[in-house]
Number of protein chains: 2
Amino acid sequence: MAVVRAKHDRSEPVREAIRLSATKLFEENGFEATGIRDIAREAAVNPAIVLRHFGSKENLFLETMDSSSAMRSIIEGPLEGLGARVVGLIVPGRQKGLEILGATVRASSKPDIRRRLHESIAASLIEPLIDRIDAPDGELRAHLFAAQLLGLMTAFAVYDDEYLLEAPLDGIIALYGDSLQALVTGN
Amino acid sequence: MAVVRAKHDRSEPVREAIRLSATKLFEENGFEATGIRDIAREAAVNPAIVLRHFGSKENLFLETMDSSSAMRSIIEGPLEGLGARVVGLIVPGRQKGLEILGATVRASSKPDIRRRLHESIAASLIEPLIDRIDAPDGELRAHLFAAQLLGLMTAFAVYDDEYLLEAPLDGIIALYGDSLQALVTGN
DNA sequence: GAGGTTTGTAAACGATGTTTGAAAAGTAAA
DNA sequence: TTTACTTTTCAAACATCGTTTACAAACCTC
């Protein structure tokens, strides 16, 4: 009785298995250290069909490693207390978005990946803030907020500042979250 | 007339030519997009002798792309006005150190390069600050100062925030330099 | 000038992302 | 069911990369 739209989705399970393996391996080992043949083996599939379905390794990375939703969710909620809240979201568990961000930054030699990184930050972090900041220089403030936030993310995800990783959260909030907050609501 | 120490420096001119070409190409195109054969061609030299003299492409990168001296010089001078000063040094000309930092960040898939990045930040940025900050939580403040500073650097060197690039310097100093300053001298 | 070390070269090696042709499996119409 | 056509799979080959190797040339030392 009417299989729902089996139009040309015959390969969808394979594609999904590949996406799953790619996500796992890219997150664990990054773009460069993850080979097409590794992904194929993990998905129990022939290396060539990874490329038949996704075109290129770079494109597969773009389809699986997307940090924009994580970024957007980070700045959700009221502007009051945003500084402390984002710091709290970033610091403790090294949430998933951080791994993706780190992998994306390290893969940004590839122009398309660099473009994606730029777009994610602009569309999911900066632009949503611009509309909400009610202060002179709102646009500048949004850009600087993003820069400062990414500074902390970078400390965790690209050079690993183990001191910051083990530092008490309230200290970081008091010193870093407050100046983030000052950017977003006037001084 | 005593040639000075021609001990085993017969190959030094070649090594220097290779270093020069490597520096230029790594800075322009990054680690991954620069091939051993490109460097060799630019230096008018056989590809194999690049590796004979430097061991590996990664090692050549480490010998030529070092951002620690640029970092150390950035935080020189009195603590008063440091926040505004570092922002002024970073923003305008996209000084050379920024290109090197960007290339290093993007090459940090390689464990040795990631380690170098970490060491440069720790030894040339954080540690010199710790000794000079005269406030409670001095160590935490130094680490957060580095994180925030690298946030701005990242905005210029890894995702290219063209808005910040063209923003007036005094606006950035007022909003970003001041909170950097607050980290380094109490609130 | 002979012996030994350093420096240069061409060719090959192994691994990578990717392409290619043909076989296999599926789909649809007769 | 048979036929024709499309989609999916696979093994093999390809181009490029960093690197190694084996050998020749240049140099230094005695």
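Protein chains get the first letters and strands the later ones, always in sequence-line order, with residue 1 at the start of each.
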To the nearest Å, how far apart are [X] [atom1] and [N] [atom2]?
{"X": "A:Ile18", "N": "D:dC10", "atom1": "CD1", "atom2": "P", "result": "10 Å"}
{"X": "B:Ile49", "N": "D:dG18", "atom1": "CD1", "atom2": "P", "result": "16 Å"}
{"X": "B:Leu25", "N": "D:dC17", "atom1": "CG", "atom2": "P", "result": "13 Å"}

Give a yes or no on whether a salt bridge exists between A:Arg72 and A:Glu127, defined as a side-chain N under 4.0 angstrom from a carboxylate O.
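Not counted as a salt bridge, because no side-chain N and carboxylate O are separated by less than 4.0 Å.
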
State whether A:Glu32 and A:Lys57 are salt-bridged, where the test is any N-O pair (Lys NZ or Arg NE/NH1/NH2 against Asp/Glu carboxylate O) under 4.0 Å.
no

Please check if any side-chain donor atom of A:Thr64 sits under 3.5 Å from a side-chain acceptor atom of A:Arg19, or the reverse.
no

Would you classify B:Val45 as touching base, sugar-phosphate or nothing, given that sugar-phosphate means primed atoms plus P, OP1 and OP2, and contacts are heavy atoms under 4.0 Å?
nothing

Is there a side-chain contact between A:Arg115 and A:His118 in this structure, where contact means two heavy atoms from C-beta onward sitting under 4.5 Å apart?
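No, their side chains stay 4.5 Å or more apart.
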
Face-on cation placement of B:Arg15 at B:Phe54 ring, 6.0 Å and 45° thresholds:
yes

Taking protein heavy atoms under 4.0 Å as touching, what does nucleotides 10-23 of chain C look like 5' to 3' if B marks base contact, S marks sugar-phosphate-only contact and - marks none?
B-B----BBB----

So if you build clusters from Ile, Leu, Val, Met, Phe, Trp, Tyr with side-chain heavy-atom gaps below 4.5 Å, do A:Leu20 and A:Leu51 land together?
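They do not share one cluster, since no chain of ILVMFWY contacts under 4.5 Å joins A:Leu20 to A:Leu51.
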
Minimum-distance nucleotide (side-chain atoms of A:Arg10 versus C:dG8, D:dT9, C:dT27):
C:dT27

Does OP1 or OP2 of D:dT7 have a side-chain N or O of A:His53 closer than 4.0 Å?
no

